[in-house]
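Have a look at the structure below before the remarks.
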Protein chains: 2
Amino acid sequence: MQRGTFQFMKSLNRSIILNRIRLEGPISRAQIAKDTKLTPPTVSSIVKELIDSGLIKESIQGESQGGRKPTMLVINEKSFYVIGLDAGPKDIKTILTDLNGGVHHFSEKALSLPVTADELLKMMKSEIQGLLDQYKEEEDKIIGIGVAMHGVVDVDRGISLYAPNLDLRNIPIKEELETTFNLPVKVENDAKAIALGEVWFGSGSGAASVVAVNVGSGIGAGIVINGQLFHGEHFIAGEIGHMTIDIGGKQCSCGNYGCLQTLAAGPAIAEKAKKEVAIGKESRLTELSGGNLENISGRLIHKAAMEGDQLSRDILHSAGIYLGIGLINLIHLLNPERIIIGGGVANAGEILLDAVKETIAKMALTERAKQTDIRLSGLGNKATAIGAVSLLLSELFSIQ
Amino acid sequence: MQRGTFQFMKSLNRSIILNRIRLEGPISRAQIAKDTKLTPPTVSSIVKELIDSGLIKESIQGESQGGRKPTMLVINEKSFYVIGLDAGPKDIKTILTDLNGGVHHFSEKALSLPVTADELLKMMKSEIQGLLDQYKEEEDKIIGIGVAMHGVVDVDRGISLYAPNLDLRNIPIKEELETTFNLPVKVENDAKAIALGEVWFGSGSGAASVVAVNVGSGIGAGIVINGQLFHGEHFIAGEIGHMTIDIGGKQCSCGNYGCLQTLAAGPAIAEKAKKEVAIGKESRLTELSGGNLENISGRLIHKAAMEGDQLSRDILHSAGIYLGIGLINLIHLLNPERIIIGGGVANAGEILLDAVKETIAKMALTERAKQTDIRLSGLGNKATAIGAVSLLLSELFSIQ
DNA sequence: CAAGTTAATTTAATTAATTAACATATAGTA
DNA sequence: TACTATATGTTAATTAATTAAATTAACTTG
């Protein structure tokens with residue numbers, strides 16, 4: 001329970017000013033004072049401290065508004081760097097960004113499966129060490145390491161509680177990495193990290209409440225409300241992949257029936273296409289797969305759809321409708337300002353998006369809900385790694 | 001964007017202390033200081049102001065812990081009163097409570113349907129005026145009026161945007177009542193008000209995140225996170241009645257198919273029972289309904305179930321399973337600490353609750369989610385009116 | 001009844017925002 | 001070119017609140 005102290009008061013104002021500069025910069029002290037209703041001296045004094053800390057810097061003089069020219073303030077983006085790890089089930093992606101999310105390094109390293117917890121940790125460490133070796137100059141500017149992983153993550157203790165796709169449990173990531181590198185480490189579920197990343201550097205910017213839906217081999221979502229990730233009581237908030245939308249539907253890997261991901265995730269789409277092709281339905285997929293049904297994947301269906309293949313378009317369209325129904329349920333429950341669709345299947349782009357939007361416009365209860373802002377992710381294959389980075393930035397920029 | 005000011009700092013501490021006394025009282029100043037990490041002088045000075053304002057008072061001396069006896073502080077419950085209105089689709093319930101939620105007056109007045117917005121407002125005013133006349137002594141202790149109404153409510157402007165069961169739109173409740181009675185007025189959706197009421201005075205006490213589900217002729221939910229109602233972007237958060245859980249199911253009044261409320265709400269249950277009885281299924285309902293199928297209602301089914309009628313028990317059980325599936329979807333999305341089930345159908349009590357719990361224990365993804373705390377409401381037919389009251393109390397006790 | 005302990009208040013110091021006054025820089029204008 | 005108005009930003013004094021230290025109060029225990 002945060003109590004009112006001078007420290008807290010100051011930290012609050014510091015955070016307000018810092019975020020103002022990040023989101024509105026270049027911006028003058030005077031403008032910040034007007035926007036935030038803080039007084040000019042308060043702004044000046046905090047700005048001085050922020051400059052001393054290196055987080056911001058003075059840039060050009062702005063245009064005069066009929067008086068003295070304002071000195072514009074901007075984030076001093078090269079003053080600090082953050083390492084982000086996307087410890088996916090297939091590979092580890094490592095990123096190094098500055099304070100503005102500028103990517104200075106990005107690499108992928110395949111995991112040789114199956115992998116033990118120790119092997120995974122070892123690999124994460126070696127990737128980080130490699131990065132540190134490569135960026136010796138900036139080493140003491142690195143403020144921390146963010147790790148995004150699928151499954152259930154205890155963010156307070158920084159433990160991966162359960163990573164189903166790797167069949168691992170209770171990996172003490174935070175503890176291991178912090179002792180090895182002596183840097184603060186944040187661990188988060190991948191969908192949640194992505195959501196934060198979208199709010200910081202992607203399609204989520206400027207919205208008060210954002211749900212980022214990640215559609216890949218499963219479906220997950222991250223919920224960001226007023227800049228804060230929403231975790232729920234035991235970290236599983238946003239697990240929409242196993243939302244029942246068709247009681248009488250197919251059985252899911254979780255044991256239940258008619259889960260959203262049995263209808264709209266990558267494997268479900270591929271499965272449906274395989275069936276259709278197998279029974280002789282005409283499609284570009286037959287050719288593209290080289291006659292081998294097992295080559296049909298979400299990616300291939302997307303490719304075929306872009307080439308105009310009707311079967312693929314139909315399959316993506318119907319997946320979009322199912323996803324739309326799942327999102328309607330989400331809208332009625334959470335009513336977010338914006339929903340962002342990302343992940344592998346989202347590469348299907350407009351075909352999928354249009355179906356989702358149509359469904360929502362048709363089925364949502366209120367006029368304003370029908371018009372919920374639905375967008376595609378713009379972060380591509382770096383989304384998760386950038387999300388991991390934003391875990392640390394969000395702390396740096398928030399109330400300390 | 002709340003900035004850090006002395007006022008804010010103090011208001012924050014005031015709220016912390018006041019709520020501590022409400023939830024933990026009788027409690028001494030020293031104990032508050034220990035619990036909250038505020039310093040003794042800060043506590044003393046704020047307590048003095050709270051006593052002066054009338055909100056709290058000193059009560060008995062506590063037991064000595066080996067030194068001076070502590071002076072216990074409690075809410076001065078009779079210092080202020082609040083009016084609550086449950087402007088339901090069938091009647092208006094009016095309540096007067098003190099600061100501890102003690103009910104000093106409760107009355108119901110039937111609505112003669114159909115009703116226009118003006119008639120509804122007139123009736124609300126006459127009910128309030130009647131209450132004020134009856135409690136002339138306490139009149140200047142009344143701090144405000146809370147109104148709970150079904151449908152979509154714009155809480156910022158205090159307008160009922162759409163009340164489907166009365167077929168009314170855009171009723172300016174706050175404006176009308178504030179000018180008439182010169183008292184602050186808060187308007188809220190009924191399910192949301194109930195949720196807040198449960199947190200303040202019902203089964204929701206002590207939980208960090210609570211979802212209160214109201215099952216009646218429809219199904220609605222209110223979400224309370226850290227004591228704050230969650231509204232979403234345009235006030236529809238918690239509308240779980242139209243959650244699609246059976247794509248291939250029956251059409252709902254909203255036009256979509258397989259909405260939760262076509263499977264678990266009062267009318268759906270009654271419909272199912274009627275059908276079964278009509279085709280000659282043996283049941284106590286035949287007798288209880290006096291041979292007239294139209295007399296079969298949720299209430300009657302509940303009665304029959306309590307008398308051991310197997311058909312009724314089966315129907316309630318399966319409604320519980322459907323509700324459980326809806327709540328699974330909710331748990332996976334919001335992951336609340338506690339879920340409270342209330343409303344007409346919830347009178348079916350343990351039969352329904354057991355089915356819900358079984359379903360959740362069976363279908364939820366994680367061990368901890370399976371064990372989500374599910375309870376029945378304890379506020380009975382006053383739940384909504386008490387919820388309306390808590391709208392004002394929550395403001396009085398929060399940061400100003 | 002003295003010593004120790006807990007509770008609550010008083011006094012002084014400290015923190016950080018705010019207010020008021022002032023310095024600085026520029027545009028517009030006579 | 002000098003003057004005025006205005007916007008930007010800083011300095012010094014003031015204010016509001018917490019915090020730390022000291023004090024008073026009230027009680028228990030040996």
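By convention in this document, chain letters (A, B, ...) are assigned in the order of the sequence lines, proteins followed by strands, and residues within each chain are numbered from 1.
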| message | For A/Leu391 and A/Leu229: C-alpha separation, side-chain torsions, deciding distance, then whether side chain to side chain contact (heavy atoms under 4.5 Å, CB included) applies. | response | CA-CA 9 Å; A/Leu391 296 172; A/Leu229 268 175; 4.3 Å; yes
| task | Please determine, by modelled atom types, if B/Asn182 and B/Glu178 share a side-chain donor-acceptor pair under 3.5 angstrom. | result | no
| request: List the steps, then state whether side chain to side chain contact (heavy atoms under 4.5 Å, CB included) holds for B/Leu99 with B/Leu393. | output: CA-CA 7 Å; B/Leu99 293 183; B/Leu393 293 181; 3.6 Å; yes
| So, is B/Arg68 near the phosphate of D/dT28, with a side-chain N or O under 4.0 Å from OP1 or OP2? | no
| field | Residues A/Leu12, B/Phe8; criterion side chain to side chain contact (heavy atoms under 4.5 Å, CB included); working and verdict | value | CA-CA 11 Å; A/Leu12 180 56; B/Phe8 173 66; 3.6 Å; yes
| For DNA chain D, which residues in residues 53-66 of chain A have a heavy atom at a distance below 4.0 Å? | A/Gln65, A/Gly66
| message | For DNA chain D, which residues of residues 17-25 of chain A approach it to below 4.0 angstrom with any heavy atom? | response | none
Touch class at under 4.0 angstrom, heavy-atom based, for [X] against every strand present:
| X | value |
| --- | --- |
| A/Thr5 | sugar-phosphate |
| B/Pro40 | base |
| B/Lys34 | sugar-phosphate |

Can you tell whether the side chains of [X] and [Y] come within less than 4.0 Å, N to carboxylate O?
| X | Y | answer |
| --- | --- | --- |
| A/Glu337 | A/Arg368 | no |
| A/Arg29 | A/Glu58 | yes |
| A/Lys10 | A/Glu49 | yes |

| On DNA chain C, nearest-nucleotide positions of A/Phe6 versus B/Arg3: which is more 5'? | A/Phe6
| message | Applying the side-chain contact (heavy atoms from CB on, under 4.5 Å) criterion to B/Arg14, which one of B/Val47, B/Asn19, B/Ile399, B/Ile46 satisfies it? | response | B/Ile46
| message | For a 4.0 angstrom threshold against heavy atoms of chain A, report the outermost contacting nucleotides of DNA chain C in 5' to 3' order. | response | C/dT15 to C/dA27
| note | Between CG of A/Leu38 and C1' of D/dT8 the distance, given in whole Å, is 16 Å
| message | Would A/Glu395 and A/Lys186 count as a salt bridge (charged side-chain N to carboxylate O under 4.0 Å, His left out) here? Give the steps. | response | CA-CA 10 Å; A/Glu395 185 154 277; A/Lys186 296 241 148 208; 2.9 Å; yes
| message | Let's go through A/Ile128 and A/Leu177 carefully: what are the C-alpha distance in whole Å and the side-chain angles of both, what is the deciding distance for side chain to side chain contact (heavy atoms under 4.5 Å, CB included) to 0.1 Å, and is it a yes or a no? | response | CA-CA 9 Å; A/Ile128 296 167; A/Leu177 298 187; 4.0 Å; yes
| request: Decide ring-ring contact (aromatic ring centres under 6.0 Å, His included) for A/His104 and A/Tyr135; before the verdict, give the C-alpha distance in whole Å, the side-chain angles of both, and the deciding distance to 0.1 Å. | output: CA-CA 10 Å; A/His104 293 246; A/Tyr135 291 86; 7.5 Å; no
| task | Identify, between A/Gly67 and A/Pro41, the residue whose nearest nucleotide on DNA chain D lies closer to the 5' end. | result | A/Gly67
| query | Nearest nucleotide by nearest heavy atom, which residue falls closer to the 5' end of DNA chain D, B/Gln7 or A/Gln31? | reply | A/Gln31
